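See structure below.
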Amino acid sequence: MAGHSQFKNIMHKKGKQDAIRSKIFSKLAREITVAAKMGMPDPAMNPRLRLAVLAARAENMPKDNIERAIKKAAGGDTENYDEVRYEGYAPGGVAVIIEALTDNRNRTAGEVRSYFTKAGGALAETGAVSFMFDHVGLIQYDAKAASEDAMMEAAIEAGADDVASDEDGHEITTSLEGLAEVTKALEAKFGEPTSSKLVWKPQNNIAVDDEAGEKILKLINALEDNDDVQNVYANFEISDALMAKLGG
């Protein structure tokens, strides 16, 4: 996970910022629309929509864009998206989970399968690798939001399962069911988090050599570049040397 998120930062710096920003906003709008269609079009009454709006704000998505996505869903003027999860193996035996929102399952499945094939991996059946991950809530705050002790005390009191703090910030882990409630409690004390979402957290990471690492990172980048793919998770670690090479 750490290597993956570092890689994303590198790609964001190297890529065309406007194109990346547009793609991010498009995916956030799709999640907002789906969340609004599944429940009330009011974030205060719809926990999933509230988390989607928080995610959009964290990426500095304009308020007009957020409201437009909600209104689009409320008016029924939108495509119907299916939530699909794909699982597979990347080079080095690394497990990968992909979450997608698609209006064409056959198209998305074919594209995802082709990415794995090109990378030397293989798409597997749903459930083939997810047992190696924990599906949990993850809330993130900047380090300046609170002291380590204050965050720990507030998070545990709110019902969180775990808190990890370092110079980069605070990560609060919750159960699936507890994410919205814990987020709301912490928000009341520390303001909006930088992120609050459901994630697939690897139980253990696999260290891979640089050759496999490059193939895995290319696969993840291809997956994340797909308009239908919302999130990608993998249980791997790459060397500092490869990270430095990519960031050079």
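The shown structure was predicted, so the numbers you read here are calculated from the model rather than taken from an experiment. Sequence positions, counted from 1, serve as the residue numbers for this chain.
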> Is any side-chain heavy atom of Leu101 closer than 4.5 Å to a side-chain heavy atom of Glu31?
Replying inline: yes
>> Taking side chain to side chain donor-acceptor pair (under 3.5 Å) as the definition, give me every residue that meets it alongside Arg57, ordered by chain and number, with sequence neighbours left out.
In response: Glu192
>> Quick one: does any side-chain atom of Lys27 pair with a main-chain N or O of Glu224 as donor and acceptor, under 3.5 Å?
In response: yes
> Are Val232 and Val96 close enough that some pair of their side-chain heavy atoms sits under 4.5 Å apart?
Replying inline: yes
>> For Leu28 and Glu59: C-alpha separation, side-chain torsions, deciding distance, then whether side chain to side chain contact (heavy atoms under 4.5 Å, CB included) applies.
In response: CA-CA 9 Å; Leu28 289 166; Glu59 292 289 349; 3.8 Å; yes
> Of all residues at least two apart in sequence or in a different chain, which pass the side-chain contact (heavy atoms from CB on, under 4.5 Å) check with Ala158?
Replying inline: Val182, Ala185
>> side chain to side chain contact (heavy atoms under 4.5 Å, CB included), that's the test. Do Val208 and Glu237 meet it? Break it down for me.
In response: CA-CA 6 Å; Val208 297; Glu237 291 178 0; over 6 Å; no
>> In terms of relative ring orientation, are Phe190 and Tyr141 parallel, tilted or perpendicular, with 30° and 60° separating the classes?
In response: perpendicular
> Is Met61 reachable from Leu49 through a run of I, L, V, M, F, W or Y residues, each pair having side-chain heavy atoms under 4.5 Å apart?
Replying inline: yes
> Are Val229 and Leu123 connected in a single hydrophobic cluster, I mean Ile/Leu/Val/Met/Phe/Trp/Tyr linked by side-chain heavy atoms less than 4.5 Å apart?
Replying inline: yes
> Okay, side chain of Thr183, backbone of Leu179: is any donor-acceptor separation there less than 3.5 Å?
Replying inline: yes
> Can you name the side-chain contact (heavy atoms from CB on, under 4.5 Å) partners of Pro41, sequence neighbours left out?
Replying inline: Ile70, Ala74
> Quick one: salt bridge (Lys or Arg N to Asp or Glu O under 4.0 Å) pairs with a partner in residues 143-154, sequence neighbours left out?
Replying inline: none
> Can you find a heavy atom in the side chain of Leu217 that is under 4.5 Å from one in the side chain of Phe236?
Replying inline: yes
> With a 4.5 Å heavy-atom cut-off, do Val112 and Asn226 have their side chains touching?
Replying inline: no
> Would a 4.5 Å heavy-atom cut-off, applied to side chains only, mark Lys201 and Phe133 as touching?
Replying inline: no
> Considering residues at least two apart in sequence or located in another chain, which fulfil the side chain to side chain donor-acceptor pair (under 3.5 Å) criterion with Asn65?
Replying inline: none
>> Under the salt bridge (Lys or Arg N to Asp or Glu O under 4.0 Å) definition, can you give me all pairs with a residue in residues 117-140, not counting sequence neighbours?
In response: none
>> Under the side-chain hydrogen bond (donor to acceptor under 3.5 Å, both in side chains) definition, can you give me all pairs with a residue in residues 82-96, not counting sequence neighbours?
In response: Arg48-Glu83, Asp82-Arg105, Arg85-Glu87, Glu87-Ser130
> Is Asp142 reaching over with its side chain to a backbone N or O of Thr194, donor-acceptor style, under 3.5 angstrom?
Replying inline: no
> Is Tyr115 reaching over with its side chain to a backbone N or O of Gly110, donor-acceptor style, under 3.5 angstrom?
Replying inline: no
> Hey, are Asp228 and Thr108 close enough side-chain-wise for a donor-acceptor pair under 3.5 Å?
Replying inline: yes
> Under the side-chain contact (heavy atoms from CB on, under 4.5 Å) test, which residues partner Asn231, sequence neighbours left out?
Replying inline: Glu99, Tyr233
> Does a salt bridge link Lys23 with Asp227, judged by any charged N lying under 4.0 Å from a carboxylate O?
Replying inline: yes
> Could you go step by step and tell me if His135 and Val199 meet the side chain to side chain contact (heavy atoms under 4.5 Å, CB included) rule?
Replying inline: CA-CA 6 Å; His135 202 193; Val199 302; over 6 Å; no
>> How about CD on Glu181, more than 12 heavy atoms from neighbouring residues, nucleotides or ligands closer than 6.0 Å, or not?
In response: no
> Are any of the side-chain heavy atoms of Met151 and Val163 separated by less than 4.5 Å?
Replying inline: yes
>> Could you go through Leu176 and Leu198, starting from their C-alpha distance and side-chain angles, then the distance that decides it, and tell me whether this counts as side chain to side chain contact (heavy atoms under 4.5 Å, CB included)?
In response: CA-CA 7 Å; Leu176 289 181; Leu198 296 175; 3.5 Å; yes
>> If the threshold is 4.0 Å, N to carboxylate O, is there a salt bridge linking Glu214 and Lys245?
In response: yes
> By side chain to side chain donor-acceptor pair (under 3.5 Å), which residues pair with Ser147, not counting sequence neighbours?
Replying inline: none
>> Strictly by side-chain hydrogen bond (donor to acceptor under 3.5 Å, both in side chains), give each pair with a member in residues 156-173 just once, sequence neighbours left out.
In response: Gln140-Glu171, Ser165-His170
> Would you say Glu67 has more than 12 foreign heavy atoms packed within less than 6.0 Å of its CD?
Replying inline: yes
> Transitively linked via ILVMFWY side-chain contacts under 4.5 Å: Leu242 with Leu219?
Replying inline: yes
>> Taking salt bridge (Lys or Arg N to Asp or Glu O under 4.0 Å) as the definition, give me every residue that meets it alongside Arg50, ordered by chain and number, with sequence neighbours left out.
In response: Glu187
> Rounded to the nearest 0.5 Å, how far does CD of Glu111 lie from OG1 of Thr102?
Replying inline: 8.0 Å
>> Just to verify, what does Ala69 make a side-chain contact (heavy atoms from CB on, under 4.5 Å) with, not counting sequence neighbours?
In response: Ala29, Ile32, Thr33
> Under the 3.5 angstrom rule, does the side chain of Gln203 hit a backbone N or O of Phe131 as a donor-acceptor pair?
Replying inline: yes
>> Just so I know, are the side chains of Met243 and Ile238 near enough to count as touching, which here means a heavy-atom distance under 4.5 Å?
In response: yes
>> Return the CG to OG1 distance between Leu186 and Thr174, rounded to the nearest 0.5 Å.
In response: 9.5 Å
